[in-house]
Protein chains: 2
Amino acid sequence: MLSQKTKYALKALLYLAEQDANHISKTIEIAEAASIPKKFLEQILLDLKRGHFVGSKQGKFGGYYLLKSGNDITLAEIHRLFDGAIALLPCASLNFYEPCSDCKTESECSLRHGLMIIRDETLKAMQGITIASLVKK
Amino acid sequence: MLSQKTKYALKALLYLAEQDANHISKTIEIAEAASIPKKFLEQILLDLKRGHFVGSKQGKFGGYYLLKSGNDITLAEIHRLFDGAIALLPCASLNFYEPCSDCKTESECSLRHGLMIIRDETLKAMQGITIASLVKK
DNA sequence: TTAAACTCTACTATTTTTATAGAATTTATA
DNA sequence: TATAAATTCTATAAAAATAGTAGAGTTTAA
């Protein structure tokens, strides 16, 4: 399941994608439109900024805006930024790989192979869902 | 990601699937073979029993055994028993559906449609991974 | 200089996860 | 029938993750 943070991040990105080009959105504006606690959203937007999904303008009349097209922001990327690995175990993960602690050797991990199949399918599907594709609905 | 509980459940089922037919496995035996804390495993096996995946024999010389073929136990079922919904949000779930609290109306949930696509793909993949398919690796 | 915004760090409360403890019950068999 | 060996059940506890809050600091426009 998605964490609240990931869900809020998606909704915030969706809001930004719906604005006119060159429009800069204040945190409070996004928070109210998408029903997200403002202080929590501040952290999320900072994380999105550090992940190079959004840009910001500081000071009076500042705010946030998309740094890339909604077509180029996928669910897979946002999931990884906030919720981490897409695979069901670290030993089956591409971006968050860690060996199993309780499997003797890696090749003996009985679950790894099956979970890599799941990961491939889920990843493919998640890369197909973009912010732009969600806006259109 | 899978919880420890789900991971342990899969390993326990895998162990049971590897035994001879008619063999009854004691909890301590499974625990040691699969590196699972015994008392934790007791709870997991009870849950698996309540889910009708394993049967048990009480008393001396009792233990656990598979109630169905390894071909008929899928990753999807075990995930649902221990970790719940396969969908990324409750509003996109088949078996654990709940409406979004912060979406005005259901049809207006901006994420629901995309997450249902992910769910369908992930579910299909998870139904393809069975205990038997894992044993063979 | 001031107001309005983002930035940053720390903290807190809640929930979930991961176990552990121990008593109760069941069953085989000596 | 007593005992040992197993499952069953409920309660509890410790640790980790999640969700959210607080407040001071910095930047910018006017």
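Numbers restart at 1 for each chain; the letters A, B, ... are given by sequence-line order, proteins then strands.
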Problem set entry | salt bridge (charged side-chain N to carboxylate O under 4.0 Å, His left out) partners of residues 47-63 of chain A, not counting sequence neighbours, each pair once | A:Asp47-A:Arg50
Exercise. Which ones in residues 44-54 of chain A lie close to DNA chain C, meaning a heavy atom under 4.0 Å from one of its atoms?
Worked result: A:Leu46, A:Lys49, A:Arg50
Problem set entry | Qualifying ring-ring contact (aromatic ring centres under 6.0 Å, His included) pairs, either residue in residues 32-58 of chain A, two or more places apart | A:Tyr8-A:Phe40
List, one per line, each side-chain donor-acceptor pair under 3.5 Å for residues 76-94 of chain A, sequence neighbours excluded.
from: A:Glu77; atom 1: OE1; to: A:Thr74; atom 2: N; distance (Å): 2.9
from: A:His79; atom 1: ND1; to: A:Gly84; atom 2: O; distance (Å): 3.1
from: A:Asp83; atom 1: OD1; to: A:Ser3; atom 2: OG; distance (Å): 2.6
from: A:Asp83; atom 1: OD1; to: A:Thr6; atom 2: OG1; distance (Å): 3.1
from: A:Asp83; atom 1: OD2; to: A:Ser3; atom 2: N; distance (Å): 3.0
from: A:Asp83; atom 1: OD2; to: A:Thr6; atom 2: OG1; distance (Å): 3.0
from: A:Ser93; atom 1: OG; to: A:Asn95; atom 2: N; distance (Å): 3.4
from: A:Ser93; atom 1: OG; to: A:Phe96; atom 2: N; distance (Å): 2.8

For this session: Applying side chain to side chain contact (heavy atoms under 4.5 Å, CB included), run through B:Ile117 and A:Ile129 and close with a yes or a no.
Result: CA-CA 9 Å; B:Ile117 295 175; A:Ile129 304 294; 4.2 Å; yes
Review item, side-chain donor-acceptor pairs of residues 12-28 of chain B, under 3.5 Å, at least two apart:
from: B:Tyr15; atom 1: OH; to: B:Glu29; atom 2: OE2; distance (Å): 2.7
from: B:Gln19; atom 1: NE2; to: B:Tyr15; atom 2: O; distance (Å): 2.8
from: B:His23; atom 1: NE2; to: B:Glu29; atom 2: OE2; distance (Å): 3.0

Problem set entry | Contacts of type side-chain contact (heavy atoms from CB on, under 4.5 Å), residue B:Gln58, not counting sequence neighbours | none
Exercise. Can you find a side chain N or O atom of B:Ser56 that sits less than 4.0 Å from OP1 or OP2 on D:dA6?
Worked result: no
Exercise. Would you say a side-chain N or O of B:Tyr65 is under 4.0 Å from OP1 or OP2 of D:dT7?
Worked result: no
Seminar exercise, completed: Residues of residues 16-30 of chain A with a heavy atom under 4.0 Å from any atom of DNA chain D, listed by number, are none
For this session: Could I get the full list of salt bridge (Lys or Arg N to Asp or Glu O under 4.0 Å) partners for A:Glu42, not counting sequence neighbours?
Result: A:Lys38, A:Lys39
Problem set entry | Fellow cluster residues of A:Met1, listed by chain then number, with links counted only when side-chain atoms sit under 4.5 Å apart | none
Seminar exercise, completed: side-chain hydrogen bond (donor to acceptor under 3.5 Å, both in side chains) pairs touching residues 116-127 of chain A, sequence neighbours excluded, are A:Thr122-B:Thr122
For this session: Decide whether B:Leu67 and B:Leu75 are clustered together by the hydrophobic rule: side chain heavy atoms of Ile, Leu, Val, Met, Phe, Trp, Tyr closer than 4.5 Å, transitively.
Result: no
Seminar exercise, completed: 5' to 3', nucleotides 17-30 of chain D under a 4.0 Å protein heavy-atom cut-off (B base, S sugar-phosphate only, - none) gives --SBBBB---BBSS
